[in-house]
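First comes the structure, then the notes that go with it.
Letters go in sequence order (proteins before strands), and every chain restarts at 1.
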Amino acid sequence: VDSLDEALFRVGVENFLAFIENTQNVSGGRAGASNREPSVILMSRTEAAELIRLSFTDAEIPLAIVRLSFFDRTNSQRYISSYLDRRFGETGDAVYNVHRASPQPFARLRDDRLTQMIQVISRNPSASLADDWEKTRAFVGYAPVLTALAESLAVANPAAERANLASAKSESERVLLAEIIDRIVTREHLKFSGQIYPVLTTNLPASSLDSVEPDSLYLVLEQAIRLLSHVDKNALVSPPPTKLPRELREHYEGSAYQFMTNHPFIQGRHFTNTVFEDYTRALTVTSMESAAALQSRPERYLEQVGPFFTEFLRSFLTEAEAIPEALAEYVIRSWNQSREVLRQKTQVTLQLISGNSWLTLKALDSDELLATEERTLDFPVSDLSGALHLKGNLRNITVISDGGIILGSTKEPLMLGPNVLVAASEIDVQSEQVTVGWRYGEYGESGVVLASESLAADKLSHLDGDLASFGLFCGSVPPRLQPYKRTLSSGAVHIPFADYIDLRAILTNFRSTIHMGLSTSKVRLANQVIKNSPQRQIVLNYLITCGVVSESGTWYRLEPAGLSSAGFSLNDLKDGEPSHEVLHFLAACRNSWSGSQ
Amino acid sequence: MMNFNQLTKRLPSLQEQPEIVMNQDKALTTTPARLQGFVAPTLDVVDWPDGATVLLVEAAGAVGKTTAAEALAEELNWPLVLAQYARVGSYTLSGLIQDALGFNGSYIDSTGRIYKPLRAGKRGWLWTLSMRHCSVSA
């Protein structure tokens, strides 16, 4: 039985577990002990696999489990050859026969490329194929990566390509992969312009020849735009290159379309590989040119993203460039997938506060498969809608918003957990079926908290899961969810989560300066953060009273000694949850303010 | 660690592909074909207790589950269910198999359990998965 993950997503946990129970019956597993061998094989990704495992454990039925491993070195080489054979059979293009026609130069090029990948990933310039494959197997033995690599190795002259390779320097696997793919699209560009440019220019008067540059035809972004237009059936309204003389357009469009339909990234109207799709989609969603060229913005067609999307997006954007809010959910999904491949735990923080919105993606644990340290990606977020709709399942995430958050959709069941905190002005759960506290993998910890002034769940008809870990800290709650409403115990100081957000917004506004240390201008803080918010002004005043912040003319300065006396550091503000020290500070702030009233 | 051949040898194979008596559109096929140039993955055995009647093959996304499923089904002559197209809930797997392969077929018994009368397998071994004859014999 294949594609169980898609089935789980489609039908929800309850139906899925009923299906697994039926599987136990069909296989004879519920008939008691026997010496038979398996008669049903379930193929599943980690998420659904965990549910299957729990179902068998609960029923005390033995379950055999194997894990598909990444390719070893020999099979990786076979995979590359097999891919090239298949492409040669499909296209007849001689470059796909390079491994048969020039086996030795090809093998040297292939091994150089693999060695380069290993050295980049292991961050060890002397790492070798023979000794370091296992450490980097999750990347160099991963089928989509090998497909991209195989495609880049399909060259007419492997010896010349090898010489070019020697000059390439990549600092990370994401840059390396983008570079590998750049080589493929550059090859397409050269093939196209080499064939089309002479034909195009025969139709132009000599005086207009300068208006067409072969280097401007069928470039990376143009290929990506045309591919997306084709795959998504999203019409081109302003096809690139925009500077092409009008009289050449018809001929050019015909040639470009024919060329694009044979592009190695697609087969028919589908991408052949998740690496190619993620690259193409990440490239186009970051480009104004693609938005102008296509009838609808490319992100509108985003439905599923693969594990490479976020990494490519990060490599295409500068640190300061923001992603639109509508893209955040896809970035999170891709990140979770990429870390799942490496069996790393993720923690995501999405803060949507006007003037201070960002998305932080963390991989918390390293795995023996790949020698990575803790990794963090940050994206500023723009284009806030005021009510973000997170349609998919959530796990290991903190979402904080001063607007509304819509969770799930009427079409799909919603799974929340483990480790989900959503704090917003309003929360609207749209799903009819919700499973909470769903354990994921071996590092699962339950805990789902929704906090808001008001919570709506008009369509909710079924709630299951680890309900003991479900908590609603909301002003108003639908009757059905009343049993899960919680209040803070008496004697405790109630600290709205917004206080933490306020403190964080103020203190993260300080920047290093040459003469004044960490500081921010009063105008900037007032315009970007305080924005006439009385509560933020209270927090700022308390910071000044405590000596954490001092005033110096038109500037505020952050005083390290004052911060130290307050008992916390800026690092305590990096996470989506306040530390105990921060909570103590905020409680004192609240008490101080209450006492002054 | 286990290679693909070692895995298929641990599993009972059918002598021939079961015959479909009612087409189930894309939800079930008895003629899956492995990808041309299929490169068999290696497998880590997480657990294989005695008497396990179900094998769970887990993997991260895009590692090659579908390709492996097609190759396994072809090698063993087992029907392949594509769950994304199938009804998934109570009695749906037994229902699907019964609909596709027949109530009185040789693949599933009247109680909805997979069974196969003793018959020479591809590798010349005999096996049964019936409720009443739970044994594997070489």
Side-chain angles (χ1 to χ4, degrees), chain A residues 1-4 6-7 10-11 15-16 18-19 21-29 31 33-46 49 52-53 56 61-72 75 78-79 82-83 85-86 89 142-144 274 306-307 337 340-341 343, chain B residues 1-2 7 10-12 35-66 68-70 72 78 80-86 88-94 97 108 112-115 127 129-131 134-136:
Chain A
V1 184
D2 191 23
S3 307
L4 282 165
E6 291 172 53
R10 187 163 54 84
V11 303
N15 286 322
F16 185 80
F19 178 82
E21 190 179 323
N22 185 222
T23 303
Q24 292 160 353
N25 278 320
V26 166
S27 69
S34 78
N35 61 350
R36 73 188 77 179
E37 294 293 343
S39 59
V40 174
I41 303 175
L42 304 174
M43 314 290 291
S44 173
R45 275 171 57 169
T46 320
I52 295 167
R53 205 189 322 236
F56 275 78
I61 297 173
L63 172 70
I65 305 170
V66 299
R67 189 176 290 137
L68 281 188
S69 185
F70 300 99
F71 286 122
D72 59 21
N75 276 349
R78 280 193 194 134
Y79 184 93
S82 167
Y83 175 85
D85 286 338
R86 196 164 63 249
Y142 189 26
T274 183
Q337 284 182 58
E340 185 191 324
V341 170
R343 303 217 291 274
Chain B
M1 292 285 274
M2 176 190 264
L7 173 66
R10 283 198 71 165
L11 298 166
L35 189 71
Q36 186 193 348
F38 168 69
V39 179
T42 49
L43 305 114
D44 296 320
V45 179
V46 179
D47 196 12
W48 199 307
D50 290 341
T53 57
V54 174
L55 168 65
L56 172 64
V57 180
E58 62 175 40
V63 164
K65 286 184 297 295
T66 297
E70 289 166 350
L72 272 171
W78 287 18
L80 176 61
V81 174
L82 301 178
Q84 77 265 44
Y85 301 120
V88 170
S90 302
Y91 302 107
T92 49
L93 182 62
S94 48
I97 296 172
I108 195 161
R113 296 191 183 95
I114 294 173
Y115 85 104
W127 62 278
L129 290 165
S130 100
M131 265 294 292
C134 302
S135 64
V136 177

>> Among residues at least two apart in sequence or on other chains, which ones pass side chain to side chain contact (heavy atoms under 4.5 Å, CB included) with A/V66?
In response: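 Partners of A/V66 under the side chain to side chain contact (heavy atoms under 4.5 Å, CB included) test: B/L43, B/V45, B/W48, B/L55, B/V57.
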>> Just to verify, what does A/R45 make a side chain to side chain contact (heavy atoms under 4.5 Å, CB included) with, not counting sequence neighbours?
In response: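 A/R45 satisfies side chain to side chain contact (heavy atoms under 4.5 Å, CB included) with A/D5, A/Q337, A/E340, B/K65 only.
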> For B/L80, is it the side chain, the backbone, both or neither that has a heavy atom under 4.5 Å from a heavy atom of chain A?
Replying inline: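 Just the side chain, heavy atoms under 4.5 Å.
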So which of [options] has the biggest tally of heavy-atom pairs under 4.5 Å with chain B?
| options | answer |
| --- | --- |
| A/P307, A/S69, A/G89, A/A7 | A/S69 |
| A/A143, A/G306, A/P144 | A/P144 |
| A/S44, A/A64, A/S3 | A/A64 |
| A/T274, A/V1, A/L63 | A/L63 |
| A/V11, A/I65, A/I61 | A/I65 |

Over all heavy atoms of both residues, which pair between [X] and [Y] is shortest? Give the atoms and the distance, please.
| X | Y | value |
| --- | --- | --- |
| A/P38 | B/P12 | O-CD, 3.5 Å |
| A/N22 | B/G89 | CB-O, 4.5 Å |
| A/F71 | B/V39 | CE2-O, 3.7 Å |
| A/L68 | B/A68 | CD1-CB, 4.2 Å |
| B/A83 | A/L4 | CB-CD2, 4.0 Å |

> Among B/D44, B/V63, B/L35, which residue forms the greatest number of heavy-atom pairs with chain A at distances under 4.5 Å?
Replying inline: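 The option with the most such pairs is B/D44.
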> Highest number of heavy-atom pairs under 4.5 Å with chain A: which of B/D47, B/T42, B/V54?
Replying inline: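 Among B/D47, B/T42, B/V54, the one with the most close pairs to chain A is B/V54.
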Calculate, to the nearest 0.5 Å, the distance between atoms [atom1] and [atom2] belonging to [X] and [Y] respectively.
| X | Y | atom1 | atom2 | result |
| --- | --- | --- | --- | --- |
| B/F38 | A/R78 | CZ | CZ | 11.5 Å |
| B/L72 | A/M43 | CG | CE | 6.0 Å |
| B/L93 | A/T23 | CG | OG1 | 4.5 Å |
| B/L7 | A/I41 | CG | CD1 | 6.0 Å |

>> Under the criterion side-chain contact (heavy atoms from CB on, under 4.5 Å), I'd like the reasoning laid out for B/E58 against A/I52: C-alpha separation, chi angles, the key distance, then a yes or no.
In response: CA-CA 10 Å; B/E58 62 175 40; A/I52 295 167; over 6 Å; no
> Can A/F56 and B/L56 be said to form a side-chain contact (heavy atoms from CB on, under 4.5 Å), step by step?
Replying inline: CA-CA 11 Å; A/F56 275 78; B/L56 172 64; over 6 Å; no
> Contact part of A/Y79 toward chain B, heavy-atom cut-off under 4.5 Å: side chain, backbone, both or neither?
Replying inline: both
> So, does A/N75 use its side chain to make a donor-acceptor pair with the main chain of B/A40 at under 3.5 Å?
Replying inline: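 Yes, because the side chain of A/N75 sits within donor-acceptor range (under 3.5 Å) of the backbone of B/A40.
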